[in-house]
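Remarks on the structure that follows.
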Amino acid sequence: MLLAAVQLSAVRADEISLTKSEAIYNALPEKVRKAGVINAATAADYPPFEFLDENNKLVGADIDLAAALSKVLGVTVKNNQTEFSNIMPGIQAGRFDIGMSSMGDYFSRQKTVDFVDYFRGGTSFLVRAGAKEPAAIADVCGTAVGALKGTSSETQAEDTSKKCVEAGKPAVKVNAFPTQNAAVLALTSGRIDSVSGDSATNGYSANQIGGAIKNVGLTVYNDRPYYGIAVPKDSPLYQPLFDAMGVVMKSGAYAAILKKWGLESGAIAEPMKNQGSDG
């Protein structure tokens, strides 16, 4: 359920008052209430969800959401930095209570965890302000598209070019770049028409540039995986976290956090459970 009618607030997340919900706190497992903490496994290399700032401090949308959830739950959701590949094994081994690291809700992962889904990702396109927004594959044919070298977006662009030619339309001129910054520079300087990539990363780039480019085109490929908080299968911790996320969403803090990090395009209206996809 995408956030359509709900308006993303211009207010800052830290200006929204969130208070402890006694009902949600009391629903937490006793050991969590006694410990006063929920240990979340979080990677540190996926801006704008989680990354290290210039002071080597873990920051990002997931970090802000963890802080907001902490206020509602009445216990601290602590983001523990780890490699992404260690998250699922760490949850299974009991080293972490949950995984909170912009994790894709995939059927394969649902075998061992349940997801509190809070965001919808997908492939998007960065274009210059005022340019035509691509809405379908046909709109990409004959244009110069940038993508990060070696990523699925580069492969996707190459496959799109083949489809264009098969349909009797001009091929896509695929340009591979070593970094997101290099691709964005090529776009703003007019050397390419768009940058294809993960909507979260593209949204962050658009937010950093400030008006010169916009993040659009989610309907071109319509690949919209959900991101969720991973909780051990059938854990009593699941429902309190789900309910707390609902409170954070309704409060306006969720919308403010996503706006802060340029993630508005992936907002959903309410938390959802196990809206998985293949992956």
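No experiment lies behind these values; they were computed from the predicted model shown.
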Intermediate values then yes/no, side chain to side chain contact (heavy atoms under 4.5 Å, CB included), Y238 and V116 | CA-CA 8 Å; Y238 183 88; V116 179; 3.4 Å; yes
Taking D97's backbone N and O only, do any of them form a donor-acceptor pair with N39's side chain (distance below 3.5 Å, no angle check)?
no
d(N79 CG, F96 CZ) to nearest 0.5 Å is 11.0 Å
Note to self: Quick check: do T188 and R128 have side-chain heavy atoms less than 4.5 Å from each other?
What the structure shows: no
Check: Heavy atoms, side chains only, cut-off 4.5 Å: are K132 and V127 in contact?
Finding: no
- Return yes if some donor-acceptor pair links the side-chain N/O of R224 with the main-chain N/O of G121 below 3.5 Å, else return no. yes
Within-4.5 Å side-chain heavy-atom neighbours: S199 and L218: yes
Note: C164 and V172 closest approach over all heavy atoms is SG-CG2, 4.0 Å
Distance-only side-chain donor-acceptor flag, T123 / Q156, under 3.5 Å: yes
Exercise for review: Using modelled atom types only, decide if a donor and an acceptor are shared between the side chain of S161 and the backbone of A171 within a distance under 3.5 Å.
Suggested key: no
For V216 and P134 the tightest heavy-atom approach is CG2-CD, 4.0 Å
Between V195 and A183 the two heavy atoms that sit nearest each other are CG2-O, 3.6 Å
Intermediate values then yes/no, ring-ring contact (aromatic ring centres under 6.0 Å, His included), Y254 and Y118:
CA-CA 9 Å; Y254 167 81; Y118 62 93; 7.5 Å; no
Tested for side-chain hydrogen bond (donor to acceptor under 3.5 Å, both in side chains) against N202, the lone hit among S194, S153, S124 is S124
Please say whether more than 12 non-hydrogen atoms of neighbouring residues, nucleotides or ligands are located less than 6.0 Å from NZ in K149.
no
Scanning both residues in full, the closest heavy-atom pair of P240 with L73 reads O-CD2, 3.8 Å
One should read off an interatomic distance between D45 CG and L52 CG, to the nearest 0.5 angstrom, of 8.5 Å
Exceeds 12 heavy-atom contacts within 6.0 angstrom, atom NZ of K250:
no
Heavy-atom nearest pair, F49 first then S102, reads CG-CB, 3.5 Å
| Among the clusters formed by ILVMFWY side chains lying less than 4.5 Å apart, do V113 and M272 turn up in the same one? | no
- [ ] Applying side chain to side chain contact (heavy atoms under 4.5 Å, CB included), run through V220 and I137 and close with a yes or a no.
- [x] CA-CA 5 Å; V220 173; I137 286 177; 4.1 Å; yes
**Request:** Assess whether ring-ring contact (aromatic ring centres under 6.0 Å, His included) is satisfied between Y46 and F84, documenting all intermediate values.
**Result:** CA-CA 10 Å; Y46 191 60; F84 190 86; 8.4 Å; no
Is L148 linked to V174 within one hydrophobic cluster, defined over Ile, Leu, Val, Met, Phe, Trp and Tyr using a side-chain heavy-atom separation of less than 4.5 Å? no
| Is D53 reaching over with its side chain to a backbone N or O of K57, donor-acceptor style, under 3.5 angstrom? | yes
Between the OG atom in S17 and the NZ atom in K71, the distance rounded to the nearest 0.5 Å is 7.5 Å
Connected via hydrophobic side-chain network under 4.5 Å: L28 and I229: yes
Q.
Are L258 and M100 connected into the same hydrophobic cluster when the rule is that any two of I, L, V, M, F, W, Y join if their side-chain heavy atoms are below 4.5 Å apart?
A. yes
Notebook entry, point to check: Hey, does F125 have a side-chain heavy atom less than 4.5 Å from the side chain of V145?
Noted result: yes
- prompt: If we only count heavy atoms from C-beta on, is the K233 to T112 side-chain gap below 4.5 Å?
  reply: no
_Any side-chain to backbone donor/acceptor pair from N26 onto A23? Under 3.5 Å, distance only._
no
Practice prompt. Quick one: do W261 and D64 satisfy side chain to side chain contact (heavy atoms under 4.5 Å, CB included)? Show the steps, please.
Written response: CA-CA 10 Å; W261 295 104; D64 289 350; 2.9 Å; yes
If only atom types and distance count, is the side chain of D62 paired as donor or acceptor with the main-chain N or O of G60 below 3.5 Å? no
Is the closest side-chain donor-acceptor distance between T143 and D193 under 3.5 Å? no
Passes side chain to side chain contact (heavy atoms under 4.5 Å, CB included), I209 versus V184? Steps please. CA-CA 9 Å; I209 295 293; V184 170; 4.0 Å; yes
Separation between CD (E50) and CG (L65), nearest 0.5 Å, reads 10.0 Å
| field | Crowding at CD, E83 (>12 non-hydrogen neighbours, <6.0 Å) | value | no
**Prompt:** Side chains of F51 and V59: does their closest heavy-atom pair fall under 4.5 Å?
**Reply:** yes
Single-linkage hydrophobic cluster I213~Y204, side-chain heavy atoms < 4.5 angstrom
no
dist D114:CG -> R109:CZ (nearest 0.5 Å) comes out at 14.0 Å
Whether the Q180 and S205 side chains hold a donor-acceptor pair (N or O, under 3.5 Å, no angle test) is what I'd like checked. yes
Between L263 and P48, the two heavy atoms sitting closest are CD2-CG, 3.7 Å
**Prompt:** With side chains defined as the heavy atoms from C-beta onward, is the minimum distance between R191 and L185 less than 4.5 Å?
**Reply:** yes
When rounded to the nearest 0.5 Å, the distance separating CZ of F119 from CD1 of I257 is 12.5 Å
Only one of K273, Q110, Q275 passes side-chain hydrogen bond (donor to acceptor under 3.5 Å, both in side chains) with D105, and that residue is Q110
